[in-house]
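Notes follow the structure.
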Amino acid sequence: MSTAIDPRAADLRERLRGTLVAAAATPMTTAGEVDLDLVSAYLAGLVADGAGGLAVLAHTGRGPYLSEGVRAAVVERAVALDVPVVVGVGGAGSTDVVAQARAAAQAGAAALMPFPSPGDRVAEHRAVWEATGVPLIAFDLYSLPCPPDVLRALVALPGVAGLKAALLSDAMACQRTIAITREAGRLAVTGEDRMFGPSLLWGAEAALVGLAAAHVGVTADVLRAYQGSDLRAFEDASARLDRLAEATFTEPMEGYVQRMLWLAAEEGRIPATHAHDLYGPDLGSEPLSVKDILTGTARSPR
């Protein structure tokens with residue numbers, strides 16, 4: 001049964017429907033330095049190549065680890081591209097999610113996405129909404145999944161425009177999350193890099209994925225084909241995306257950020273000097289080759 005939604009959240013829901021939102025990485029050096037002009041060029045390239053929106057400072061963007069000054073500047077650079085910008089708030093080490101949310105709202109965020117929390121998620125979402133009036137995208141993540149009753153309470157909040165499912169390998173939980181979201185009249189957003197095509201068939205109506213942090217066209221092609229009428233095009237595009245996801249979203253799973261940065265550098269989106277993830281596992285120094293991945297000759301995922 002549909003539940004009441006604030007007009008601002010309803011507007012965002014419709015704005016994002018059918019859209020690929022790229023969960024962007026934050027390019028940085030081995031010293032953790034962020035070049036904001038490079039960030040602007042990188043984000044602009046994702047938009048030019050098929051992303052209809054951007055998610056910054058989320059899991060892929062390592063938002064919880066960045067200084068408030070860098071966070072604010074990244075949001076401003078993303079907003080300047082005139083696409084919907086979803087900003088991750090909260091997460092590991094964050095002491096005041098509401099303060100982060102206010103800063104993102106001031107910088108022009110179209111939506112806020114609180115990181116999954118072991119605390120009272122409903123109260124946290126309500127506090128962020130009441131402090132900012134910026135629509136929310138709730139987040140069901142494999143490492144800290146929401147019980148169904150919590151999901152239902154989240155999507156019943158008037159400020160929640162949609163819910164992102166990123167449950168990795170739990171197909172039944174993904175189907176349940178999508179169903180709960182749609183029953184509440186909210187936008188079902190897939191974050192399922194490893195179940196992307198199936199999640200669309202299960203009812204997801206938009207996408208927000210880290211797989212689009214590089215070679216964004218591979219993901220955009222699947223969404224575009226799904227919205228068309230050519231079943232073979234959807235099958236072919238999904239097979240290419242699955243090969244990319246199999247090589248990048250694999251154990252150690254937190255290594256996916258580094259893998260996507262390597263691919264962004266190989267693609268020429270960022271220089272190799274800024275293709276470093278300081279907050280994930282050490283994967284060594286030999287980057288992936290997207291040519292090998294998409295032709296099916298990639299070495300074994302590490």
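Computed from a predicted model, the values in this text were never measured in an experiment.
- At most 12 heavy atoms of other shown residues, nucleotides or ligands fall within 6.0 angstrom of atom CD in Gln106.
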### Task
Go through Asp6 and Arg8 one step at a time and tell me if the salt bridge (charged side-chain N to carboxylate O under 4.0 Å, His left out) criterion holds.
CA-CA 5 Å; Asp6 185 276; Arg8 290 164 289 184; 2.9 Å; yes

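- Shown here is Asp82, whose CG atom has no more than 12 heavy atoms of other residues, nucleotides or ligands within 6.0 Å.
- Summarising the geometry, atom CZ belonging to Arg269 is positioned 5.0 Å from atom CG belonging to Leu46; distances are rounded to the nearest 0.5 Å.
- Residues passing the ring pair (Phe, Tyr, Trp, His ring centres under 6.0 Å) test with Tyr256, sequence neighbours excluded: His59, Phe249.
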### Task
Start with the C-alpha gap between Asp140 and Lys164, add the side-chain angles, then the distance that decides, and say whether salt bridge (charged side-chain N to carboxylate O under 4.0 Å, His left out) holds.
CA-CA 6 Å; Asp140 192 12; Lys164 169 181 170 172; over 6 Å; no

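- Side chain of Thr181 to backbone of Ala188: no donor-acceptor contact under 3.5 angstrom is found.
- In terms of heavy atoms, Trp262 sits closest to Gly284 at CZ2-O, 3.5 Å.
- Atoms OG and CG, on Ser143 and Leu168 in that order, are 9.5 Å from each other to the nearest 0.5 Å.
- In terms of heavy-atom proximity, Val79 sits nearest to Ala107 at CG2-O, 3.6 Å.
- Using a 4.5 Å heavy-atom threshold, the side chains of Ser169 and Tyr142 count as separate.
- Here the rule is side-chain hydrogen bond (donor to acceptor under 3.5 Å, both in side chains) with Ser199, and of Thr190, Thr177, Asp193 only Thr190 fits it.
- The CG atom of Leu157 lies 10.5 Å from the CG atom of Leu163; values are rounded to the nearest 0.5 Å.
- The distance from the CD atom of Glu33 to the NE2 atom of His274 is 7.0 Å, given to the nearest 0.5 Å.
- Between the Tyr226 side chain and the Gly197 main chain, no donor and acceptor come within less than 3.5 Å of each other.
- When every heavy atom of Phe139 is checked against every heavy atom of Pro114, the shortest pair comes out as CB-O, 3.9 Å.
- Side chains of Ser40 and Arg77: a donor on one and an acceptor on the other come within 3.5 Å.
- Closest approach of Thr248 to Leu244, counting heavy atoms only: OG1-O, 2.7 Å.
- Side-chain atoms of Gln100 do not come within 3.5 Å of backbone N or O of Val89 as any donor-acceptor pair.
- Taking OG of Ser238 as the start and CG of Leu201 as the end, the distance is 7.5 Å to the nearest 0.5 Å.
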### side-chain contact (heavy atoms from CB on, under 4.5 Å) evaluation trace for Thr3 with Arg186
CA-CA 9 Å; Thr3 57; Arg186 290 349 189 238; 2.9 Å; yes

### Task
Give the intermediate values and the outcome of side-chain contact (heavy atoms from CB on, under 4.5 Å) for residues Arg121 and Phe115.
CA-CA 9 Å; Arg121 300 191 203 191; Phe115 279 76; over 6 Å; no

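- Rounding to the nearest 0.5 Å places CZ of Arg71 at 14.0 Å from CZ of Arg62.
- With hydrogens and angles ignored, the 3.5 Å screen pairs a side-chain donor or acceptor of Tyr42 with a backbone N or O of Ala213.
- A donor-acceptor pair is defined here as one N or O able to donate and one able to accept, closer than 3.5 Å; no such pair exists between the side chain of Glu205 and the backbone of Arg17.
- The pair Glu246-Arg243 fails the salt-bridge criterion, with no side-chain N (NZ, NE, NH1 or NH2) lying under 4.0 Å from an Asp/Glu carboxylate O.
- Among the candidates Val218, Val216, Thr60, Thr219, the single residue satisfying the side-chain contact (heavy atoms from CB on, under 4.5 Å) test with Leu211 is Thr219.
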### Task
List the steps and the verdict of side-chain hydrogen bond (donor to acceptor under 3.5 Å, both in side chains) for Arg194 and Thr250.
CA-CA 9 Å; Arg194 291 302 301 265; Thr250 187; 4.9 Å; no

